[in-house]
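Worksheet: the structure to be examined is printed underneath.
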Amino acid sequence: MPALHPTLKAELHLSDGRKIELPVYQSHLGFDAIGVEKLQKEQLFTFDQGLTSTALCESSITYIDGDQGILLHRGYPIDELAFNKTYLDVAYLLLKGELPNEEELKAFKAEICSHYMVNEQFTRLFQGFRRDSHPMAVMCAASSALAAFYHEYYDEDPEKAHDKTAIRLLAKMPTLAAMCYKYSIGRPFMYPQYHLSYAGNFLYMMFATPCEPYVVNPVIERAMDRIFTLHADHEQNASTSAVRGVASSGPNPFACISAGIASLWGPAHGGANEACIKMLEEIGTVDRIPEFIARAKDKNDPFRLMGFGHRVYKNYDPRAKVMRETCHEVLKELGINTPLLQVAMELERIALSDPYFIERKLYPNVDFYSGIILQAIGIPTSMFTVIFALGRTVGWVANWRELNEEPMKIVRPRQIYTGHTERHIK
Ligand code: CMC
């Protein structure tokens with residue numbers, strides 16, 4: 001990564017007469033950043049709740065322009081990648097910086113295949129859970145458990161260790177996710193199949209049984225691959241920042257990914273696709289939509305339209321455009337037109353034409369459409385965020401690798417203390 005050089009200077013004038021000069025670092029695209037490290041020496045911190053105006057790191061992986069609705073991975077627009085490349089191409093791009101040629105992709109896929117299986121001991125780990133456990137809880141535990149199987153990471157040459165960690169995670173996460181699902185419904189685990197595509201193998205492990213042959217539907221396979229691709233990375237979101245934050249103290253990488261899964265679980269982040277389907281089910285029929293729109297607008301009601309709005313995109317989410325098209329392809333292929341879908345489509349129409357949503361730039365986000373696709377495919381709602389986690393794993397690993405390539409600095413934010421001043425026990 002190129003070293004940061006300040007291009008401009010900023011001056012901070014305090015009303016007590018202090019003047020502090022700060023460096024301004026230039027981004028290749030987007031906003032520049034004021035370096036505030038020096039403030040500590042002046043006994044000052046910055047206060048930025050939710051870190052909305054703070055760059056946590058320097059990165060060359062992904063760029064988002066939320067106002068323009070742009071998402072680039074290593075410079076390539078997301079729609080170009082989603083329509084022309086597979087998830088494994090994009091994973092290679094995120095990890096290595098360039099798209100693979102045919103040979104490189106073949107070798108990459110072969111290596112991933114060779115790591116698809118998980119240690120047979122994992123079957124016992126699953127047996128320790130209640131069948132109705134939330135799959136995200138099980139995934140947090142299962143990804144952490146990988147750390148217990150792969151200690152040797154610490155002894156290897158870092159470059160080799162980073163590559164192997166990335167491959168293992170990409171390979172084993174779908175296997176663990178499918179095991180989660182099979183365990184929850186009391187069906188036998190299905191071993192991965194090398195001859196299938198990455199998405200096809202996941203669908204096989206999810207839906208095949210030992211009793212009959214399973215044929216992967218190419219439309220569903222492509223939709224699954226796009227869902228993985230569209231979730232692959234998204235700059236310094238909550239879960240990626242969690243991975244970086246945990247990784248900054250140097251623990252085992254599989255444990256860092258587990259932190260990302262935990263963060264993703266929340267309904268304001270990856271849990272939104274699950275929350276969105278629950279909301280559509282609660283609305284139930286088109287005639288009840290006005291009541292829910294009114295609730296979404298009511299300041300005294302905490303209800304929000306799930307699957308609408310985004311912290312960064314104040315324009316149409318470029319991933320949602322691709323997902324919308326894919327959603328219609330899947331619904332056509334499966335001949336689905338359920339009341340839930342009618343509610344979703346009408347909600348989309350109203351939100352895109354209602355001044356409340358237009359003024360606040362609240363567009364349907366990627367989770368709105370991914371939830372509908374996943375439901376149509378037959379994936380239970382509780383697994384939706386797990387699917388998001390599968391796609392995002394490569395983004396977490398790419399960020400983890402990037403962090404490890406630089407001299408490590410532990411993430412240690414400060415606070416504005418508003419508690420008691422010193423007091424004593426009487
Ligand atoms: N429904 C109704 N009103 C909303 C919504 C919504 N979904 N989202 C934001 N608003 C309103 C909010 O009440 C506020 O109104 P006002 O200016 O009158 O006070 C205004 O829009 C700005 O809201 P905000 O809370 O400042 O926006 P934010 O950028 O902090 O929140 C968000 C972003 C994604 C947390 C929020 O839009 C939300 O809760 N959406 C629903 C959950 C969801 O779909 N999350 C998935 C995000 S995409 C997946 C991912 O990348 O993780």
Side-chain angles (χ1 to χ4, degrees), residues 48-54 62-67 69-71 73 78 136 227-243 259-280 282-283 289-324 343-344 347-348 350-374 381 384-396 399:
D48 180 16
Q49 231 171 350
L51 304 183
T52 55
S53 303
T54 296
T62 291
Y63 172 74
I64 300 174
D65 181 331
D67 292 327
I70 292 171
L71 168 60
H73 290 322
I78 188 63
M136 283 301 274
I227 289 179
F228 290 151
T229 302
L230 295 173
H231 286 100
D233 191 39
H234 212 228
E235 208 224 53
Q236 304 310 316
N237 52 81
S239 56
T240 304
S241 306
V243 170
I261 297 177
S263 166
L264 189 74
W265 191 357
H269 192 6
N273 48 17
E274 181 177 347
C276 175
I277 291 293
K278 285 190 177 142
M279 175 194 76
L280 295 177
E282 196 191 340
I283 298 175
I289 292 179
E291 179 196 323
F292 283 83
I293 295 271
R295 284 186 60 195
K297 292 177 184 176
D298 182 355
K299 287 275 151 272
N300 300 316
D301 189 330
F303 174 79
R304 281 188 166 194
L305 276 193
M306 288 292 131
F308 286 81
H310 198 275
R311 169 55 65 81
V312 178
Y313 294 115
K314 302 302 173 193
N315 200 321
Y316 213 98
D317 178 342
R319 301 168 303 168
K321 274 187 200 153
V322 181
M323 205 64 107
R324 183 177 199 273
V343 171
L347 204 57
E348 179 199 36
I350 294 176
L352 290 175
S353 55
D354 185 312
Y356 174 92
F357 294 91
I358 294 171
E359 279 157 23
R360 288 168 183 75
K361 301 185 174 165
L362 299 170
Y363 299 96
N365 58 46
V366 66
D367 290 325
F368 180 72
Y369 297 108
S370 67
I372 299 168
I373 298 176
L374 293 172
T381 357
F384 287 7
T385 319
V386 173
I387 310 274
F388 189 156
L390 296 192
R392 184 56 54 85
T393 296
V394 71
W396 293 329
N399 274 274

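Whatever order the structure lists them in is the order used to number ligands and atoms, beginning at 1. The basis for the numbers below is simple: all heavy atoms, side chains too, and nothing from hydrogens, waters or symmetry mates.
Heavy-atom contacts of A272 reach the following atoms of ligand 1: 43 (C), 44 (O), 45 (N), 46 (C) (cutoff under 4.0 Å). Close contacts of ligand 1 with H269, meaning ligand atoms under 4.0 Å from a residue heavy atom, involve 46 (C), 49 (C), 50 (C), 52 (O). Taking every non-hydrogen atom of G307 and a distance limit under 4.0 Å, the qualifying atoms of ligand 1 come out as 43 (C), 44 (O).
Protein heavy atom at the shortest distance from atom 21 (O) of ligand 1 is R360 CD, 3.4 Å. The nearest heavy-atom contact from the protein to atom 47 (C) of ligand 1 is N365 ND2, 3.7 Å. The protein heavy atom nearest to atom 42 (C) of ligand 1 is M306 SD, 3.7 Å. R311 NE, 3.7 Å is the protein heavy atom nearest to atom 28 (P) of ligand 1. Nearest protein neighbour of atom 51 (O) of ligand 1, counting heavy atoms only, is H310 NE2, 3.1 Å. Looking only at heavy atoms of the protein, atom 39 (O) of ligand 1 is closest to R304 NH1, 3.1 Å.
At most 12 non-hydrogen atoms from other residues, nucleotides or ligands lie less than 6.0 angstrom from CD of Q49. Within 6.0 Å of NZ on K314 lie more than 12 heavy atoms contributed by other residues, nucleotides or ligands.
Residue contacts with ligand 1 include Y356, since one of its heavy atoms falls under 4.0 Å from the ligand.
Side-chain atoms of S263 come within 3.5 Å of backbone atoms of S239 as a donor-acceptor pair (strictly under, hydrogens ignored). Of the possible donor and acceptor atoms, none in the side chain of D367 sits under 3.5 Å from a partner among the backbone N and O of G307. The main-chain N or O of A320 is never found under 3.5 Å from a side-chain atom of R324 such that the two would form a donor-acceptor pair. Without hydrogens or angle criteria, D298 side chain to A294 main chain gives no donor-acceptor distance under 3.5 Å. Put simply, the side chain of D65 never gets that close to the backbone of I70: no donor and acceptor are under 3.5 Å apart.
With salt bridges taken as basic N to acidic carboxylate O contacts below 4.0 Å, one links E274 and K278.
Using a 4.0 Å cut-off between heavy atoms, M279 makes no contact with ligand 1 at all. Under 4.0 Å from ligand 1, the heavy atoms of D367 that appear belong solely to its side chain.
Comparing E359, K314, R295 by heavy-atom distance to atom 29 (O) of ligand 1, the nearest is K314. Nearest residue to atom 41 (C) of ligand 1 from F292, Y313, F308 is F308 (criterion: closest heavy atom).
Between H234 and F388, a ring centre-to-centre spacing not shorter than 6.0 Å is recorded.
Inclusion of K299 in the set of residues having an N or O under 3.5 Å from an N or O of ligand 1 is warranted. At under 3.5 Å, not a single nitrogen or oxygen of L362, backbone or side chain, sits near a nitrogen or oxygen of ligand 1. The distance criterion of under 3.5 Å between nitrogen or oxygen atoms is met by L305 with respect to ligand 1.
Rounded to the nearest 0.5 angstrom, Y369 OH and M323 CE are separated by 11.0 Å.
Side-chain polar atoms of D48 and T54 form a donor-acceptor pair below 3.5 angstrom.
Protein heavy atoms are found less than 4.0 angstrom from atom 49 (C) of ligand 1.
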